[in-house]
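Throughout, protein chains are lettered first and strands after them, A, B, ... in sequence-line order, and every chain is numbered starting at 1.
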Protein chains: 2
Amino acid sequence: MEPARKHSRKRDAILACLRGTTCHPPAEWVYRQLKPEIPDLSLGTVYRNLALFKEEGLIESVGTVAGLERFDGRTDPHCHFVCLGCGAVLDVETAELSDALIATAGRETGGRVTGYRLNYYGYCKDCKKNKNS
Amino acid sequence: MEPARKHSRKRDAILACLRGTTCHPPAEWVYRQLKPEIPDLSLGTVYRNLALFKEEGLIESVGTVAGLERFDGRTDPHCHFVCLGCGAVLDVETAELSDALIATAGRETGGRVTGYRLNYYGYCKDCKKNKNS
DNA sequence: TTCGTTGCAAACATTTTGCAGTTTC
DNA sequence: GAAACTGCAAAATGTTTGCAACGAA
């Protein structure tokens, strides 16, 4: 049985930090963001709590970009654009997958589909420019 | 300017290995697969060549599953089902995204979309059973 | 007082890299 | 013979973990 959860100021701060940004940051970014405000915060705690949130479904992973796992405080169905140039991750509101499509994937594989992740890859507004060289 | 490519027996074997399986393996799997046949193969070479293939578009990454990057020898548009239980990765033939949808993502973000990755997550046929406990 | 939470640092696992020797052209 | 390729082992990187101190119920 899993342990009864207790309240924790740091945990709250980590979740709030993630929910207060749209940059889909990695653990390290959250850590650096909160460190000035909470000087006795450790990176391990950030990792531990992010893992916890993910388990509870409070946050989601966007996947690994340039070796770093990126997290998203939003959990409603939406997609992402990942810039191959600078690593920026942007929300994409359109293109929510239909239930029918998801059901088809389950039927085809014989498994049970519980979620999906749709990432577009390419070059963002800024990196698009800089590539014309 | 990038170096002129030379032929290499090991490189061929690595690509052939990846193309000859549908299990979307990580680097280590490819290494273990080829090692008996090519005793003087090193893991570093597998990593180096997989990175190279990815750059050239000969293979694609399915993303990181359980801490390991998984590769796919198929490059035609299709999706994947990732089992959260055992880590199996299966091809999903249906649900190819329309060009219109992809174009919309580009327009919405202001960037240029060069590709996408659609992963379904859930429990495969076998793991589905074992979860009824 | 109990038990979850945390800091710290060490441990871990995967991937990358430098260099000297080898293979390909 | 020049340049790319490779083995090997060390290094780098991101993440996890053990343990003693801390904080919440």
For this session: Could you give me the CA-CA distance, side-chain angles and deciding distance for B/Tyr120 and A/Thr104, then say whether side-chain contact (heavy atoms from CB on, under 4.5 Å) is met?
Result: CA-CA 11 Å; B/Tyr120 294 97; A/Thr104 304; over 6 Å; no
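- Considering only residues two or more places apart in sequence or on other chains, B/Arg11 meets the side-chain hydrogen bond (donor to acceptor under 3.5 Å, both in side chains) condition with B/Asn49.
- The CG-P distance, from B/Leu15 to D/dC5, rounds to 14 Å in whole Å.
- Note: OH (B/Tyr31) to P (D/dC8) measures 8 Å, nearest angstrom.
- Protein atom CZ of A/Arg32 is 10 Å distant from nucleotide atom P of D/dG14, rounded to whole Å.
- Nearest-nucleotide assignment on DNA chain D puts the 5′-proximal partner with B/Pro3, out of B/Thr45 and B/Pro3.
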Under 3.5 Å between N/O atoms: give me all the protein pairs with nucleotides 16-21 of chain C, atom names plus distance.
| from | atom 1 | to | atom 2 | distance (Å) |
| --- | --- | --- | --- | --- |
| C/dG18 | O6 | B/Arg48 | NH1 | 3.4 |

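- With sequence neighbours left out, A/Lys54 forms a side-chain hydrogen bond (donor to acceptor under 3.5 Å, both in side chains) with A/Glu69.
- Of the residues in residues 62-69 of chain B, those with a non-hydrogen atom less than 4.0 angstrom from any atom of DNA chain C are B/Gly67, B/Leu68, B/Glu69.
- Here the C1' atom of nucleotide D/dA4 and the CG atom of B/Asp12 are 14 Å apart, to the nearest Å.
- For B/Ser42, the side-chain contact (heavy atoms from CB on, under 4.5 Å) test picks out B/Thr45, with sequence neighbours left out.
- Between the CG atom of B/Leu41 and the C1' atom of D/dC8 there is a distance of 12 Å, given to the nearest Å.
- Partners of B/Arg48 according to the side-chain hydrogen bond (donor to acceptor under 3.5 Å, both in side chains) rule, which considers only residues two or more places apart in sequence or in another chain, do not exist here.
- For A/Arg74, the side-chain contact (heavy atoms from CB on, under 4.5 Å) test picks out A/Asp72, A/Asp76, A/His78, A/Asp91, A/Glu93, with sequence neighbours left out.
- Counting heavy atoms of neighbouring residues, nucleotides and ligands inside a 6.0 Å radius, atom NZ of B/Lys35 exceeds 12 of them.
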Would you tabulate the pairs of protein nitrogen or oxygen atoms and nucleotide nitrogen or oxygen atoms of nucleotides 22-25 of chain D closer than 3.5 angstrom?
| from | atom 1 | to | atom 2 | distance (Å) |
| --- | --- | --- | --- | --- |
| D/dG23 | N2 | A/Lys6 | NZ | 3.4 |
| D/dA24 | N3 | A/Lys6 | NZ | 3.3 |

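- Judged as a ring-ring contact (aromatic ring centres under 6.0 Å, His included), the pairs with a partner in residues 14-71 of chain B (not counting sequence neighbours) are, in order, B/His24-B/His80.
- Distance, A/Asn49 CG to C/dT5 P: 8 Å, rounded to whole Å.
- For the pair A/Leu34 CG and C/dT6 C1', the computed distance is 14 Å after rounding to whole Å.
- When each of A/Pro39 and A/Leu52 is assigned the nucleotide of DNA chain C with its nearest heavy atom, A/Leu52 is the one assigned upstream, toward the 5' end.
- With sequence neighbours left out, the side-chain contact (heavy atoms from CB on, under 4.5 Å) criterion links B/Arg117 to A/Tyr121, B/Ser61, B/Asn119.
- Checked against side-chain contact (heavy atoms from CB on, under 4.5 Å), B/Thr75 has the following partners two or more places apart in sequence or in another chain: B/Glu60.
- Between A/Ser42 and B/Glu28, the residue anchored closer to the 5' end of DNA chain C is A/Ser42, taking for each the nucleotide with the nearest heavy atom.
- A search for side-chain hydrogen bond (donor to acceptor under 3.5 Å, both in side chains) contacts involving B/Arg5 returns B/Glu56, not counting sequence neighbours.
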